[in-house]
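Per chain, numbering begins at 1; letters A, B, ... match sequence-line order.
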Number of protein chains: 2
Amino acid sequence: MQQHYPSSTREVTATLKAHGISPTRQRVELGRLILSRPQHLTADALYDMARARNAPVSRATVYNTLRLFSGQGLLNEVVIDANAKYFDSNLQPHQHLFNTTTGELTDLDSNKLLVTGIPKLPRNAHIEGIDIVIRYSDAAEH
Amino acid sequence: MQQHYPSSTREVTATLKAHGISPTRQRVELGRLILSRPQHLTADALYDMARARNAPVSRATVYNTLRLFSGQGLLNEVVIDANAKYFDSNLQPHQHLFNTTTGELTDLDSNKLLVTGIPKLPRNAHIEGIDIVIRYSDAAEH
DNA sequence: GTCCTTGCAAAGTCTTTGCAACGTG
DNA sequence: CACGTTGCAAAGACTTTGCAAGGAC
């Protein structure tokens, strides 16, 4: 199932409504910034982005909106390390490639990676997800 | 290669020295608590543990010591989600099983899980590690 | 004695919250 | 108008740091 990334005001408004979120000006602005393509943003990066586009929004609203979007299934939270909490607009199952030298985070298609040997879990256990992060550095180790 | 988990004062002292860490009373106490077996502890849990054993150590020292131990390769940091930063005394390659209902975090043997399909990285890229967390819940979804 | 370590308290960072003003229907 | 939302500033959780007192060798 392909994912759609809404970019226009109208599209974002419709997406928010479809997820039970009332489309205020700030939410639509933030939605256009983060939902329009697969990407990973921190709260701070989104805040800066909004200001840069002359669509200033308070930090509180950025945090509240990200929390709301995640709760309503519009974003996933990705924790790459203790100091980097990203919100990911790509909702397809996928994995991450993290360049520890540059901090660059890229997506890997789910169907390219295969994990085998997952142990049996208790009968009532329900797997919610498998998070995979491949970390690599650019610098050669000497 | 099997890993040894030092538990006596003497063993921990030797381990610290072997890693270039001067074995002060606080460090040896904390080392005995966290290095003696494979486990995952947060800074706060270690702090509480030390107090419970009548080996009180300040929070600053707990944080500084955990940072030092990690930097010297005695511990790994594991981030399971945005609100849970653990220090893991198991240095063998392994993966994590995280029960989202109870918060329980268990280790999986590296050789049971197999990941295939890792894409080619640039020539000078060096894979530092592959972090895998399988999240599951106890509750049945109705 | 010299240098490193500790513990306290203060400062920092990131995130959430209380609340009055504001907007939307 | 009623209700939800925003923005500010304050509060919170967690972690780091400055510095004087204390400890290791």
Side-chain angles (χ1 to χ4, degrees), chain A residues 9-10 12-14 16-17 19-34 40-51 53-72 74-75 77-87 103, chain B residues 9-10 12-34 40-51 53-72 74-75 77-87 103:
Chain A
T9 298
R10 178 189 293 110
V12 170
T13 300
L16 297 186
K17 281 182 179 167
H19 286 259
I21 297 170
S22 56
T24 64
R25 177 179 66 76
Q26 288 86 340
R27 288 172 182 168
V28 173
E29 280 166 0
L30 294 176
R32 291 189 65 185
L33 290 174
I34 196 169
H40 317 89
L41 292 178
T42 61
D44 211 51
L46 181 58
Y47 175 75
D48 289 343
M49 220 183 217
R51 316 199 91 209
R53 296 232 190 160
N54 286 314
V57 165
S58 71
R59 269 179 208 285
T61 297
V62 170
Y63 280 107
N64 289 339
T65 300
L66 287 171
R67 194 145 36 96
L68 178 64
F69 283 11
S70 298
Q72 299 306 117
L74 285 170
L75 295 173
E77 288 187 28
V78 181
V79 186
I80 297 301
D81 71 37
N83 310 309
K85 176 176 172 180
Y86 293 92
F87 290 87
Chain B
T9 298
R10 178 188 294 109
V12 170
T13 300
T15 300
L16 296 187
K17 282 183 181 167
H19 286 259
I21 297 170
S22 56
T24 63
R25 178 179 66 75
Q26 288 87 339
R27 288 173 182 168
V28 173
E29 281 166 358
L30 294 176
R32 291 189 65 185
L33 291 174
I34 196 168
H40 318 89
L41 292 178
T42 61
D44 210 52
L46 181 59
Y47 175 77
D48 289 343
M49 222 183 214
R51 319 199 90 209
R53 296 232 190 158
N54 287 314
V57 165
S58 71
R59 268 178 209 286
T61 297
V62 170
Y63 280 108
N64 289 338
T65 300
L66 287 171
R67 194 144 35 97
L68 178 64
F69 284 10
S70 298
Q72 299 306 117
L74 285 170
L75 295 173
E77 288 187 28
V78 181
V79 185
I80 297 301
D81 70 38
N83 311 308
K85 176 176 173 180
Y86 293 92
F87 290 87

Quick one: side chain to side chain contact (heavy atoms under 4.5 Å, CB included) partners of [X], sequence neighbours excluded?
X     : value
B:A18 : none
A:P56 : none
B:E77 : A:A82, B:S70, B:K85, B:F87
B:A84 : B:D81, B:Y86

Rounding to a whole Å, what distance do you find between B:Y47:OH and D:dA13:C1'?
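Those two atoms, OH and C1', are 15 Å apart.
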Whole-Å distance between C:dC4 C1' and B:R27 CZ?
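Taking atom C1' of C:dC4 as the reference, CZ of B:R27 is at 8 Å.
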Within the structure, does a side-chain N or O atom of [X] lie under 4.0 Å from either OP1 or OP2 of [N]?
X     : N     : result
A:Q26 : D:dG7 : yes
B:T61 : C:dG7 : yes
A:S22 : D:dG4 : no

With sequence neighbours excluded, residues passing side-chain hydrogen bond (donor to acceptor under 3.5 Å, both in side chains) with [X]:
X     : value
B:T15 : none
A:R67 : A:N64
A:T24 : none

Base versus backbone protein contacts along nucleotides 11-21 of chain C [heavy-atom cut-off under 4.0 Å; B, S, -]:
---SSBB----
Summarise protein proximity over nucleotides 20-25 of chain D in one line of letters, 5' to 3': B for base, S for sugar-phosphate only, - for none, counting protein heavy atoms closer than 4.0 Å.
------
Can you list the residues that meet the salt bridge (Lys or Arg N to Asp or Glu O under 4.0 Å) rule with A:R25, with sequence neighbours excluded?
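Result, salt bridge (Lys or Arg N to Asp or Glu O under 4.0 Å) vs A:R25: A:E29.
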Please list every stem that involves DNA chain D, where a stem is a run of 3 or more consecutive Watson-Crick or G-U wobble pairs with both pairing distances under 3.5 Å.
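Runs of three or more consecutive pairs: C:1-25 with D:1-25.
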Listed pairs under 3.5 Å, donor-acceptor, residues 40-48 of chain A side chains, sequence neighbours left out:
from	atom 1	to	atom 2	distance (Å)
A:H40	NE2	A:H96	NE2	3.3
A:H40	NE2	A:D107	OD1	2.7
A:T42	OG1	A:A45	N	3.0
A:D44	OD1	A:R59	NH1	2.5
A:Y47	OH	A:R51	NE	3.4

Under the 3.5 angstrom rule, does the side chain of B:Q72 hit a backbone N or O of B:H19 as a donor-acceptor pair?
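Yes, the answer is positive, given that a donor and an acceptor are paired below the 3.5 Å cut-off.
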Side-chain heavy-atom pair B:S58, B:Q26 within 4.5 angstrom cut-off
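Result no, sub-4.5 Å side-chain heavy-atom pair not found.
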